[in-house]
*Asks:* 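Okay, handing you the structure first.
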Amino acid sequence: MKSFISVVIISMLAFSCKKLKVNNCTEPELDCSHISCFIYNSYFQFNVVDKTTGIDLVFGNNPRYATADIKLYRDAAHVYAIPLAVDNIQKHFTTSFAAAEMYLVVAGGTTYKLNVAFKGIDCCAGRVKSLQVNNELICTCCPDVISVSVE
């Protein structure tokens, strides 16, 4: 009898949870009314690739740039830096401090304006849903790691 009751309780718990769609474009339905976020994390993971060939310019076989050559800022004047973490194993950059408007600076010179729309992934976090680079649409249903093309 105890095992039957345990199975019923576990089944009720399993079926009472909302199933989230795996599709990257679909935002989960979240009830965040009971949560106060002290920090909201906005995730952005990306690679820097050649606009013509698509070759990774930082983590590729013959990298053109070092990881230190890639910077991200909140402003066009390059005053407010956004901290970037380098994932050498999965070979991409990541930040949890992304903004709706950012500026990617490559090798201290060329600047690319990034416009981002976010989707919620939980009550206190979001990730890039769509990305424009210099007003050119890169993706509307972006993958977790986005290839940002540069010249």
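Basis for what follows: all heavy atoms, side chains included, without hydrogens, waters or symmetry-related copies.
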*Asks:* Run the numbers on Ile70 and Val106 for side chain to side chain contact (heavy atoms under 4.5 Å, CB included), then give the verdict.
*Replies:* CA-CA 5 Å; Ile70 308 301; Val106 179; 4.1 Å; yes
*Asks:* Would you say Leu72 ends up clustered with Phe97 if hydrophobic residues are merged whenever their side chains have heavy atoms under 4.5 Å apart, either directly or through other cluster members?
*Replies:* yes
*Asks:* Give me the atom names and distance for the closest heavy-atom approach of Phe46 to His92.
*Replies:* O-CB, 3.4 Å
*Asks:* Tell me if the CD1 atom of Ile39 is crowded by more than 12 foreign heavy atoms within 6.0 Å.
*Replies:* no
*Asks:* If you take all heavy atoms of Ile138 and Ser147, which pair is closest and at what distance?
*Replies:* CG2-O, 4.0 Å
*Asks:* For Cys37 and Cys123, what are the C-alpha separation, side-chain angles and deciding distance, and is it a disulfide bond (SG atoms under 2.5 Å apart)?
*Replies:* CA-CA 8 Å; Cys37 300; Cys123 292; over 6 Å; no
*Asks:* Please identify which of these residues, Leu137, Val148, Asn115, Thr140, meets the side chain to side chain contact (heavy atoms under 4.5 Å, CB included) condition with Leu131.
*Replies:*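 Passing option: Val148.
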*Asks:* Minimum heavy-atom separation for Ala98 to Phe44, with atom names?
*Replies:*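 Between these two residues, the closest heavy atoms are CB-CB, 3.7 Å.
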*Asks:* Please find the pair of heavy atoms, one from His78 and one from Tyr73, that lie closest to each other, and give the distance.
*Replies:* O-CE2, 3.3 Å
*Asks:* So Arg74 and Met102, do their side chains get closer than 4.5 Å, heavy atoms only?
*Replies:* no
*Asks:* According to salt bridge (charged side-chain N to carboxylate O under 4.0 Å, His left out), who are the partners of Asp75, at least two apart in sequence or on a separate chain?
*Replies:* none
*Asks:* Is there a continuous path of hydrophobic side-chain contacts, each under 4.5 Å between heavy atoms, that joins Tyr103 to Val48?
*Replies:*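 No, Tyr103 does not connect to Val48 through the hydrophobic network.
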*Asks:* List for me each residue that meets side chain to side chain contact (heavy atoms under 4.5 Å, CB included) alongside Ala125, sequence neighbours excluded, and say none if there are none.
*Replies:* Asn41, Tyr43, Ile121, Asp122
*Asks:* I'd like to check Thr67 versus Val58 (side-chain heavy atoms, cut-off strictly below 4.5 Å). Are they in contact?
*Replies:*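 The answer is yes; the side chains approach within 4.5 Å.
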*Asks:* Begin with the C-alpha distance, continue with both residues' side-chain angles, and end with the deciding distance and a verdict on side chain to side chain contact (heavy atoms under 4.5 Å, CB included) for Leu104 and Thr111.
*Replies:* CA-CA 6 Å; Leu104 176 68; Thr111 300; over 6 Å; no
*Asks:* So which atom in Gly120 and which in Tyr40 form the shortest heavy-atom distance, rounded to 0.1 Å?
*Replies:*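 Looks like CA-OH, 4.0 Å.
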*Asks:* Do Tyr65 and Leu114 belong together in a cluster built from hydrophobic side chains that touch within less than 4.5 Å?
*Replies:*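 In one cluster with Tyr65: Leu114, yes.
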*Asks:* Enter the distance from Gln45:CD to Arg127:CZ here, rounded to the nearest 0.5 Å.
*Replies:* 5.0 Å
*Asks:* Ignoring hydrogens, what is the shortest heavy-atom contact between Ser149 and Lys51? Give both atom names and the distance.
*Replies:*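 Ser149 and Lys51 have their closest heavy atoms at CB-CA, 3.8 Å.
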*Asks:* Assigning hydrophobic clusters by single linkage (Ile, Leu, Val, Met, Phe, Trp, Tyr; side-chain heavy-atom cutoff under 4.5 Å), is Phe118 placed with Val145?
*Replies:* no
*Asks:* In residues 81-91, what donor-acceptor pairs under 3.5 Å come from side-chain atoms, sequence neighbours left out?
*Replies:*
residue	atom	partner	partner atom	Å
Asp87	OD1	Ile89	N	3.1
Asp87	OD1	Gln90	N	2.8

*Asks:* Decide if atom OH of Tyr80 counts as having more than 12 heavy atoms of other residues, nucleotides or ligands within a radius under 6.0 Å.
*Replies:* no
*Asks:* Please check if Phe93 and Val49 belong to a single hydrophobic cluster, counting links between Ile, Leu, Val, Met, Phe, Trp and Tyr side chain heavy atoms closer than 4.5 Å.
*Replies:*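 No, it is not one cluster - the side chains of Phe93 and Val49 are not joined through contacts under 4.5 Å.
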*Asks:* Out of Val150, Leu57, Asp56, which residue meets the side chain to side chain contact (heavy atoms under 4.5 Å, CB included) rule with Asp50?
*Replies:* Leu57
